[in-house]
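What follows is a short report on a single structure.
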There are 2 protein chains.
Amino acid sequence: MTATADRADTRHAPRKRAGNGAAPGNGADDIGLDALVGHAGYAVRRFQIWIFQDFIKTLGEVDIRPTQYSVLTVIGANPGLSQMAVAKRLGIERARLVHLLDSLEQRKLVKRIRSKQDRRSHALHLTAQGETALTKFKRLAAEHERHVEAKIGKENRAQLLRILSGFT
Amino acid sequence: MTATADRADTRHAPRKRAGNGAAPGNGADDIGLDALVGHAGYAVRRFQIWIFQDFIKTLGEVDIRPTQYSVLTVIGANPGLSQMAVAKRLGIERARLVHLLDSLEQRKLVKRIRSKQDRRSHALHLTAQGETALTKFKRLAAEHERHVEAKIGKENRAQLLRILSGFT
DNA sequence: CGCCAATTGTTGTCGTCAACAACAATCTTT
DNA sequence: AAAGATTGTTGTTGACGACAACAATTGGCG
């Protein structure tokens, strides 16, 4: 399988840049993304990764991840909701919410109370400890939000929220 | 799932009915997100999920996912890159890129060629089949992009790209 | 030159997350 | 009462990111 010295020279197409010999030393700094630029999904994905990493880092001292935070705030604002309602509202699989709540309940932040009206469902509430913790989480989340402002600009962040307001 | 074009349910404060009786029948339509509104990360996450789902669905007939598409476009625009360079440029773990390329190479869209300059690295190229396939993928991706425009508005999409241009 | 560190691709593990499927308990409908 | 739907739960699958370890190869440096 060696040989093939001639290689037929497939020079018919790409007159782009970067020849044929892999450029490992290339620091990836001058690689053109070309067609990728102009794709909303790509930019949004990269931005979302950045935002989540900053959120996780900023709320790192309290060990709260974005999804956990969203669950806590929704329960805090609407005590007594069922797991189904929370899952539907946040776009989480109810199977996934089970594990999230297991963790939050173990940490004494949330409690599940069997509903008397519908004994299939659980009424979700914050514990007293959970309430005080949530206020701290919100303070840290606000700090994270300021990081976002510092990153893209206050005005741009406001426009972003306006543009995406339909997805909340 | 269902579109739910616009659902501006900006109801004010949710009566914190401390009732302990879970409301399972609640269609989650009138649950206040409260504190969650105003968090850039939440809006961006929901938007990104929507975008990816539309991308996957629109490119479903050719079975190409967003990450695969990004790899193909980068290789197509910069033939001969090493795996390391591609991984670094797209923010993908090089370990992850291995599997992506295994799949794309199996589908005869990409080929790895041992570099003569640095025999550790592979020069990545599109196959002839891969080139023609990519033009079709780009056509479908453009269609997806039009879906985004239809969803948030042409002007808003342009602003979004401008705001997030620093993350590409 | 020869040895040691770094790089590249690869394999493997672990944890997160979305999408499903199946199930018991419980409601709702008929 | 029987049939069907809903709720919470468990489990599986697959995409994805973060690491760690490894062989082959390259480059640096004495």
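We name chains A, B, ... by the order of the sequence lines, and we start the count at 1 in each one. Predicted, not measured: the structure shown is a model, and the values here were computed from it. Below, all heavy atoms of this structure are taken into account, side chains as well, without hydrogens, waters or symmetry copies.
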Sugar-phosphate only, base, or nothing, as touched by B:Arg45 at under 4.0 Å among non-hydrogen atoms: sugar-phosphate

Nearest-angstrom distance from the residue atom CE of A:Met84 to C1' of C:dA25: 16 Å

Touch class at under 4.0 angstrom, heavy-atom based, for A:Gln68 against every strand present: nothing

N/O (side chain, B:Gln117) to phosphate O (OP1/OP2, D:dT26) under 4.0 Å: no

Under-3.5 Å donor-acceptor pair between B:Arg120 side chain and C:dT7 base: yes

Separation of atom CD1 in A:Ile113 from atom C1' in D:dT7, rounded to whole Å: 17 Å

Residue-phosphate contact under 4.0 Å: A:Gln83 side-chain N/O, D:dT6 OP1/OP2: no

Rounded interatomic separation in angstrom, taking CZ from A:Phe52 and P from C:dG15: 21 Å

Spacing of B:Arg96 atom CZ relative to C:dT8 atom P, expressed in whole Å: 20 Å

Closest to side chain of B:Thr67, choosing from D:dC16, C:dC17, C:dA18: D:dC16

side-chain contact (heavy atoms from CB on, under 4.5 Å) assessment of B:Val86 paired with B:Ile92: CA-CA 8 Å; B:Val86 171; B:Ile92 304 175; 5.8 Å; no

A:Ala95 side-chain proximity, nearest of C:dA18, C:dC20, C:dT10: C:dC20

Length of the CG-P vector between B:Asp102 and C:dT11, whole Å: 7 Å

Selected nucleotide, minimal atom distance to B:Arg65 side chain, candidates D:dG17, D:dC16, C:dT10: D:dC16

Parallel, tilted or perpendicular: ring planes of A:Trp50 versus A:Phe47, cut at 30 and 60 degrees: parallel

Sugar-phosphate, base or nothing in reach of B:Arg94, heavy atoms under 4.0 Å: base

From CA spacing to verdict: side-chain contact (heavy atoms from CB on, under 4.5 Å), B:Leu140, B:Glu61: CA-CA 10 Å; B:Leu140 290 171; B:Glu61 54 178 290; 3.7 Å; yes

Listed nucleotide nearest any side-chain atom of B:Leu100, set C:dG12, C:dG9, D:dC16: D:dC16

Sugar-phosphate, base or nothing in reach of A:Glu93, heavy atoms under 4.0 Å: base

Separation of C:dG9 P from B:Arg119 CZ (nearest whole Å): 14 Å

Integer-rounded Å distance: D:dT9 C1' and A:Leu101 CG: 12 Å

N/O (side chain, A:Gln53) to phosphate O (OP1/OP2, D:dA18) under 4.0 Å: yes

Nearest to side-chain heavy atoms of B:Ser121, which nucleotide of C:dG9, D:dG17, C:dC17: C:dG9

Single-linkage hydrophobic cluster A:Ile163~A:Leu161, side-chain heavy atoms < 4.5 angstrom: no

From CA spacing to verdict: side-chain contact (heavy atoms from CB on, under 4.5 Å), B:Thr73, B:Lys138: CA-CA 9 Å; B:Thr73 55; B:Lys138 285 183 178 174; 4.2 Å; yes

Protein-nucleotide distance (B:Asp63, atom CG; D:dA15, atom C1'), rounded to Å: 13 Å

5′-ward residue of the pair A:Ile49/A:Arg112 relative to DNA chain D: A:Arg112

Member of B:His39, B:Arg45, B:Arg46 meeting the side-chain hydrogen bond (donor to acceptor under 3.5 Å, both in side chains) criterion with B:Tyr42: B:Arg46

